[in-house]
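Computation of the quantities below employed the complete heavy-atom set of this structure, encompassing side-chain atoms and omitting hydrogens, waters and symmetry-equivalent molecules. Just follow the structure's listing: the first ligand is 1, and inside any ligand the first atom is 1.
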Amino acid sequence: MSGVPLLDTLNGRTGSPPPVWLMRQAGRYLPEYKETRKQAGGFVDLCLNPELACEVTLQPIRRYGFDAAILFSDILMVPYGVGRRLEFQEGRGPVLDPMESAADIPVFDADAFNARIGNVYETVARLRAALPTEVALIGFAGSPWTVASYMVEGGSSRDYAKLKGWAYGRPKDFAALIGLLVDATVEYLDRQVAAGAQVVKLFDSWAGAAPESVFGHAVVEPTAEIVRRLKERHPEVKVIGFARGAGAMTRDYATATGIDALALDSTIPLAMACALQAELPVQGNLDPIALVTGGDALKAETDRILEALSGGPFIFNLGHGIVPQTPPENVSALLKHIRG
Ligand code: CP3
């Protein structure tokens, strides 16, 4: 036992109650976040301000006592770090300059990258110093496929038509873009771990948009390469992988990438989650809307998950991020229900 419940679970132990944290636990459902966000100026400014980013990371830890803190930043800081333009517009989400051709693929320069986003590492170091030892610190990055989707499409997308156009029609350019993102992600996570992150999570939020013929080289292989190169530098680091929407391809993702634990979205049936748990620790997968609903429905949904997965290494979490309309008191009720 390490004295850090999340690390014990990632090492294969069964915790009772299971450790719990929530995706997007810092954010707009919290009044204190909205207050700090106003002080910061833009969203990118908030991500690059170690004092304020540290503050918003700690807000949900103070309020709820989660078992892990997740660095406050965004998966789109990697495109920003490699020199792409990034803005978050109110009501529209992220806006980037869409990439049109191979000429738009930046050449990776680690020094220039760290000069642009190195403040994030300072936030990690401050967090590790500020957090109680039993609270694990999670760093993160987006996975190449998901980050590439924002870079090529210029923002969120409904059909990923441009990204898939690259994957099917311009395989060399597509591979070059994924390769750039693997290099940048390894650098970014290496530096987060060196600064004090004990766990890192790879968010492949749009893995479900990759058809079978693309999934291997766009999702599984780049993830495996990131995990391998990161663990070469930091053999002790634990990696949680999240291939949202991967459905029937989830098992392949879990076993072929070298990840230490698998984060499950809310569409994964609990029988399948339980079968996967025989191979590696699992995390998930309460529907964020059940957390908005609250009351008996929240308890019933939580109990289904606890009954299915508490018998093995398990981290309680949502199947996707907390949504802004979540009543903060429902999060307290959830924790009380899990911890008794
Ligand atoms: O508490 C935490 O989980 C840590 C911080 C965190 C944020 N984004 C903060 C954020 C993390 C881990 C992310 C990951 C992220 N960012 C993902 C992967 C997880 C997922 O949700 O699927 C993705 C796809 C993004 C990209 C992104 N960032 C979008 C599409 C948007 C706009 C939509 C939205 O939710 O507003 C963001 C903005 C963003 N990232 C906010 C926060 C708190 C809201 C911005 C604001 O405060 O104005």
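The nearest non-hydrogen atom to atom 12 (C) of ligand 1, considering only Tyr29, Trp21, Phe140, Tyr33, comes from Phe140. One option in Ser156, Pro94, Gly142 has a heavy atom closer to atom 31 (C) of ligand 1 than any other, and that option is Pro94.
The protein heavy-atom contact nearest to atom 18 (C) of ligand 1 is Ser205 OG, 3.2 Å. With respect to atom 10 (C) of ligand 1, the closest heavy atom belonging to the protein is Phe43 CZ, 3.4 Å. For atom 36 (O) of ligand 1, the closest non-hydrogen atom on the protein side is Arg28 NH2, 2.7 Å. Scanning the protein for heavy atoms near atom 8 (N) of ligand 1, the closest one is Asp74 OD1, 3.1 Å. The shortest contact between atom 21 (O) of ligand 1 and any protein heavy atom is with His320 NE2, 3.1 Å. When only non-hydrogen protein atoms are considered, atom 37 (C) of ligand 1 lies nearest to Phe88 CE2, 3.4 Å. At the top of the distance list for atom 14 (C) of ligand 1, counting protein heavy atoms only, stands Ile75 CG2, 3.7 Å.
In the model, Ser2 has a side-chain atom that pairs as donor or acceptor with a side-chain atom of Asp8 under 3.5 Å.
Here's the thing with Tyr150: none of its N/O atoms is less than 3.5 angstrom from an N/O atom of ligand 1. Among the atoms of Arg24, some N or O lies under 3.5 angstrom from an N or O of ligand 1.
The local environment of CG in Asp296 is sparse, with at most 12 non-hydrogen atoms from other residues, nucleotides or ligands closer than 6.0 Å. The environment of Arg158 atom CZ is sparse: at most 12 non-hydrogen atoms of other residues, nucleotides or ligands sit within 6.0 angstrom. No more than 12 heavy-atom neighbours from other residues, nucleotides or ligands sit within 6.0 angstrom of CZ on Arg92. Enclosure of atom CD in Glu212 is not indicated, since only 12 or fewer non-hydrogen atoms of other residues, nucleotides or ligands lie within 6.0 angstrom.
Under the rule for a salt bridge (charged side-chain N to carboxylate O under 4.0 Å, His left out), Glu221 has no partner lying at least two apart in sequence or in another chain.
Using a non-hydrogen distance threshold of 4.0 Å, Ser73 registers as a contact of ligand 1.
When hydrophobic clusters are built by joining Ile, Leu, Val, Met, Phe, Trp and Tyr residues whose side-chain heavy atoms come closer than 4.5 Å, directly or via intermediates, Leu286 is not grouped with Val292. Note: the hydrophobic cluster containing Leu270 also contains Val20 (ILVMFWY, side chain heavy atoms under 4.5 Å, direct or indirect links).
Near Arg37, the atoms of ligand 1 lying under 4.0 angstrom from a non-hydrogen atom of the residue are 46 (C), 47 (O), 48 (O). Counting the atoms of ligand 1 from 1 in the order shown, those under 4.0 Å from a heavy atom of Ala26 are 1 (O). Atoms of ligand 1 lying under 4.0 Å from any heavy atom of Phe203, numbered from 1 in the order shown and given with element: 12 (C), 18 (C), 19 (C).
Legend: salt bridge (Lys or Arg N to Asp or Glu O under 4.0 Å) pairs involving residues 282-293, not counting sequence neighbours: none detected.
Shown here for Phe43 and Phe72, the closest heavy-atom pair between the two residues is CE1-CZ, 3.5 Å.
Under 4.0 angstrom from ligand 1, the non-hydrogen atoms of Leu71 all belong to its backbone.
Atom 33 (C) of ligand 1 is not flagged as protein-proximal [any protein heavy atom, distance under 4.0 Å].
Ring geometry, Phe242 versus His320: the interplanar angle falls from 30° to 60°, so the pair is classed tilted.
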